[in-house]
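Quick notes on the structure that follows.
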Amino acid sequence: MDKEKTIATAAEPEATQEPVKKPTAAEKKPAAEKKPAAAKARKERKPKEDSLKPVVVLQFQGTEVDLDTLVEAARADFRQAKKRTPITELKLYVKPEERMAYYVVNEKHNGSIAY
């Protein structure tokens with residue numbers, strides 16, 4: 001039996017261990033060049049994402065109104081009444097069943113517009 005083990009181990013070639021080759025700095029350089037390019041692309045995309053302004057359209061019983069249009073109409077209506085007051089805050093409340101939009105400017109002045 002010992003002969004069989006010896007013959008089996010002798011028949012198998014010994015596995016030679018090759019040292020694991022680590023990449024050198026020159027080999028890593030292309031990957032390092034890709035990182036700044038990717039970072040630059042992200043940097044260019046970020047302002048576009050930050051300045052993204054969604055278009056919000058309200059649909060109710062067959063009618064459609066763009067909320068940006070209502071905001072501009074509320075600002076114009078407020079400017080007719082209070083020309084010199086700066087608008088720092090504007091809250092718009094839309095009641096589609098009445099076809100009215102109510103606004104509050106600077107938590108002091110209020111008004112309404114029909115659409």
Side-chain angles (χ1 to χ4, degrees):
M1 216 167 182
D2 287 329
K3 284 184 179 181
E4 290 176 9
K5 286 184 183 178
T6 310
I7 294 171
T9 55
E12 294 177 8
E14 292 185 21
T16 58
Q17 293 183 353
E18 294 181 17
V20 177
K21 185 178 177 183
K22 294 184 179 180
T24 62
E27 293 173 351
K28 289 183 181 180
K29 195 172 185 178
E33 290 175 0
K34 290 180 184 177
K35 287 184 181 180
K40 186 178 179 182
R42 280 192 304 270
K43 221 181 237 188
E44 290 174 356
R45 186 173 46 217
K46 183 155 175 112
K48 292 178 185 175
E49 292 172 354
D50 291 342
S51 65
L52 175 70
K53 187 175 179 182
V55 175
V56 183
V57 178
L58 177 68
Q59 294 180 336
F60 182 75
Q61 292 185 351
T63 60
E64 189 174 281
V65 65
D66 183 17
L67 292 185
D68 289 335
T69 306
L70 290 178
V71 169
E72 291 304 317
R75 285 182 180 170
D77 189 55
F78 177 74
R79 287 278 173 236
Q80 287 179 350
K82 307 278 185 180
K83 293 184 180 187
R84 296 189 174 215
T85 305
I87 299 174
T88 57
E89 183 181 2
L90 173 67
K91 292 181 182 179
L92 188 68
Y93 302 92
V94 181
K95 294 189 83 175
E97 63 273 4
E98 295 176 8
R99 296 187 50 84
M100 293 289 289
Y102 300 93
Y103 64 88
V104 178
V105 177
N106 302 338
E107 295 184 9
K108 294 179 182 177
H109 310 285
N110 57 11
S112 63
I113 50 173
Y115 61 91

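Just so you know, these numbers use all the heavy atoms, side chains as well, and skip hydrogens, waters and symmetry mates.
In the hydrophobic cluster analysis, where Ile, Leu, Val, Met, Phe, Trp and Tyr join through side-chain heavy atoms closer than 4.5 angstrom, Val65 is grouped together with Leu90. Hydrophobic clustering, with ILVMFWY side chains joined whenever heavy atoms are under 4.5 angstrom apart, keeps Val57 apart from Phe60. Under a hydrophobic clustering in which Ile, Leu, Val, Met, Phe, Trp and Tyr are joined whenever their side-chain heavy atoms come within less than 4.5 Å, directly or via other members, Tyr102 and Val104 fall into the same cluster.
Within the 4.5 Å cutoff, the side chain of Arg79 has heavy atoms near those of the Ile87 side chain. In this structure the side chain of Lys82 never reaches within 4.5 angstrom of the side chain of Val105, judged on heavy atoms.
When all heavy atoms of Asn106 and Pro86 are compared, the closest pair comes out as ND2-O, 2.8 Å. Contact between Pro54 and Asp68 at its shortest, heavy atoms only, is O-OD2, 4.2 Å. Of all non-hydrogen atoms in Val56 and Asp66, the two that sit nearest each other are O-OD1, 3.0 Å. Between Ser112 and Tyr103, the shortest heavy-atom contact is N-CE2, 3.6 Å.
Remark: Tyr115 OH to Lys95 NZ distance equals 10.5 Å, nearest 0.5 Å. To the nearest 0.5 Å, atoms CE (Met100) and CG (Leu70) are separated by 11.0 Å. Taking NZ of Lys108 as the start and OG1 of Thr88 as the end, the distance is 8.5 Å to the nearest 0.5 Å. Here CD1 of Ile113 is found 10.0 Å from CD of Glu72. Values are rounded to the nearest 0.5 Å.
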Practice item. Decide yes or no on side chain to side chain contact (heavy atoms under 4.5 Å, CB included) for Thr85 and Phe78, but give the supporting numbers first. Key: CA-CA 9 Å; Thr85 305; Phe78 177 74; 3.9 Å; yes
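More than 12 heavy-atom neighbours from other residues, nucleotides or ligands sit within 6.0 angstrom of CD on Glu97.
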